[in-house]
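Below you'll find the structure, written out as structure tokens, and then a few comments.
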Amino acid sequence: MYQEKIEAIKAAIAAADANTQEELEAYRMEYISKKSVVGALFADMRNIPNEEKKSFGQLVNAVKQLAEEKFQELIEKVSQANKKSKSADMDLTLPPSNHSLGGIHPLTATRQRIIDIFERIGFNLSEGPEIEDDWHNFTALNFPENHPAREMQDTFFIEKNPDIALRTHTSSVQVRVMENQKPPIRTLSPGRVYRNEAISARAHCIFHQVEGLYVDENVGFADLKNTLYHFAKEMFGKETKVRFRPSYFPFTEPSAEIDITCLICGGKGCNVCKGSGWVEIGGSGMVDPNVLDNCGIDSKKYTGFAFGMGIERIAMLKYQIKDLRLFTENDVRFLRQFKPLLQ
Ligand code: 2NL
């Protein structure tokens with residue numbers, strides 16, 4: 001009698017299945033819990049005659065074991081199914097959640113802003129080699145034979161006699177432009193330059209320059225002044241004023257340093273401008289006729305102006321950076337501050 005009932009339960013256990021957490025729980029209630037059909041078999045024990053108790057007990061224990069083995073099997077099956085459905089839900093085309101974007105380096109942003117301003121008033125871009133000969137870096141630019149800038153302490157020489165060196169300014173690029181093109185010339189030469197200086201908060205042996213050159217008939221000092229007035233207002237804001245201070249460069253005559261009103265105090269005087277209200281942004285002048293002639297341009301017919309600025313210096317003024325070494329240390333705590341420049 002009970003044998004038949006037990007066989008039926010065993011068959012039911014063998015046929016049982018579960019694909020979800022709910023079906024697994026239903027199985028547990030049906031075959032594992034105290035109130036299950038298997039639990040009820042243990043309760044039946046007291047109705048079994050004594051002489052059959054032993055064989056009945058063995059059968060019931062076998063059913064219990066079968067029920068538990070099947071339960072483990074179904075737990076495994078449901079957990080595998082859960083894992084599979086999770087990976088099926090995954091969208092491999094989505095970007096990773098921890099994707100961290102870089103930013104534009106402040107020197108790149110500053111250079112690009114300078115280029116944009118001059119391109120809009122008709123300047124094109126020119127590039128040239130960083131390793132230069134003596135002619136393009138010094139002689140064509142009217143540097144006297146024994147000028148101190150040619151000396152070992154200022155210039156990184158690669159070879160001597162004939163001299164080959166790392167360019168000390170991007171004027172060498174503009175010499176090449178003048179040698180190869182006819183006026184009118186309006187060109188901007190951004191690039192890396194090298195000088196043999198001790199590294200400090202204010203100086204580095206590698207830095208960046210932008211030089212500009214305008215050569216045509218009737219180019220005068222008023223053109224130089226107005227071009228740089230325009231640049232200063234575009235770069236630093238409408239309120240910015242420009243002042244020219246007489247100076248000397250071998251390749252320009254007359255020559256002038258370019259100052260702008262201090263960006264921090266607006267000209268009142270502070271510790272950035274050392275109380276003067278003015279900060280220097282570069283140098284400029286009318287191209288020396290000797291330089292034009294050296295480059296194959298008739299100085300009787302043509303005149304020109306030129307200017308040069310250090311990109312690091314402009315970036316330091318614009319972003320209030322106190323130490324030039326930060327530009328090349330690649331410290332993310334410094335670089336992260338310029339992430340908004342990406343937009
Ligand atoms: C400065 C000063 C200057 C020039 C650069 C130049 C180029 C040619 C001819 C004449 Cl091909 N001049 N460039 C002129 C005056 C100043 O740079 O303080 N640079 C950071």
Side-chain angles (χ1 to χ4, degrees), residues 107 110-111 114 118 123-129 132-144 147 149 154 167-181 183-195 197 202-216 219-221 223-225 227-228 231-232 235 242-260 278-297 299 302-317 324:
L107 286 182
T110 305
R111 182 189 60 215
I114 298 171
F118 282 104
F123 281 71
N124 63 15
L125 283 185
S126 47
E127 285 185 315
E132 269 296 8
D133 50 40
D134 177 88
W135 171 258
H136 291 98
N137 198 75
F138 294 125
T139 305
L141 287 160
N142 213 29
F143 277 76
H147 193 280
D154 275 319
R167 69 183 180 197
T168 58
H169 44 203
T170 55
S171 312
S172 57
V173 179
Q174 301 181 318
V175 169
R176 289 175 182 276
V177 171
M178 286 191 283
E179 284 174 336
N180 294 306
Q181 292 173 30
I185 291 169
R186 280 190 298 262
T187 197
L188 201 66
S189 329
R192 184 172 289 172
V193 299
Y194 303 83
R195 287 186 198 171
E197 294 195 48
R202 325 195 89 245
H204 209 291
C205 57
I206 299 172
F207 59 101
H208 299 80
Q209 261 197 337
V210 179
E211 287 209 9
L213 174 73
Y214 183 11
V215 181
D216 202 354
V219 174
F221 204 84
D223 300 308
L224 163 63
K225 288 176 79 173
T227 304
L228 291 166
F231 167 74
M235 188 77 196
V242 183
R243 164 177 99 168
F244 290 88
R245 254 180 313 118
S247 185
Y248 172 81
F249 301 107
F251 33 76
T252 47
E253 183 59 37
S255 305
E257 309 279 356
I258 315 156
D259 292 346
I260 58 164
W278 297 93
V279 287
E280 187 187 321
I281 60 162
S284 63
M286 298 308 294
V287 180
D288 191 300
N290 289 343
V291 175
L292 293 173
D293 291 329
N294 286 342
C295 301
I297 289 176
S299 64
Y302 295 106
T303 49
F305 72 73
F307 57 88
M309 292 177 280
I311 302 180
E312 279 83 353
R313 183 162 176 79
I314 306 284
M316 286 170 90
L317 289 171
L324 198 129

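All ligand and atom numbering here is 1-based and tracks the order in the structure.
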Worked verdict on Trp135 versus Glu179 for side-chain hydrogen bond (donor to acceptor under 3.5 Å, both in side chains):
CA-CA 12 Å; Trp135 171 258; Glu179 284 174 336; 2.8 Å; yes
Under the salt bridge (charged side-chain N to carboxylate O under 4.0 Å, His left out) rule, what do Glu280 and Arg313 come out as? Steps first, then yes or no, please.
CA-CA 9 Å; Glu280 187 187 321; Arg313 183 162 176 79; 5.6 Å; no
Exercise answer, ligand 1 polar atom pairs (N/O) under 3.5 angstrom:
from	atom 1	to	atom 2	distance (Å)
ligand 1	13 (N)	Glu211	OE1	2.8
ligand 1	18 (O)	Gly283	N	3.4
ligand 1	19 (N)	Gln209	NE2	3.3
ligand 1	19 (N)	Gly308	O	3.4

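Among the candidates Ser189, Ser171, Ser126, the single residue satisfying the side-chain hydrogen bond (donor to acceptor under 3.5 Å, both in side chains) test with Glu211 is Ser171.
Using a 4.5 Å heavy-atom cutoff, the side chains of Arg111 and Ile114 are not in contact.
Note that CG of Asp133 and CZ of Phe138 are 11.0 Å apart. Values are rounded to the nearest 0.5 Å.
Looking only at distances, a side-chain donor or acceptor of Asp223 sits under 3.5 Å from a matching main-chain atom of Gly220.
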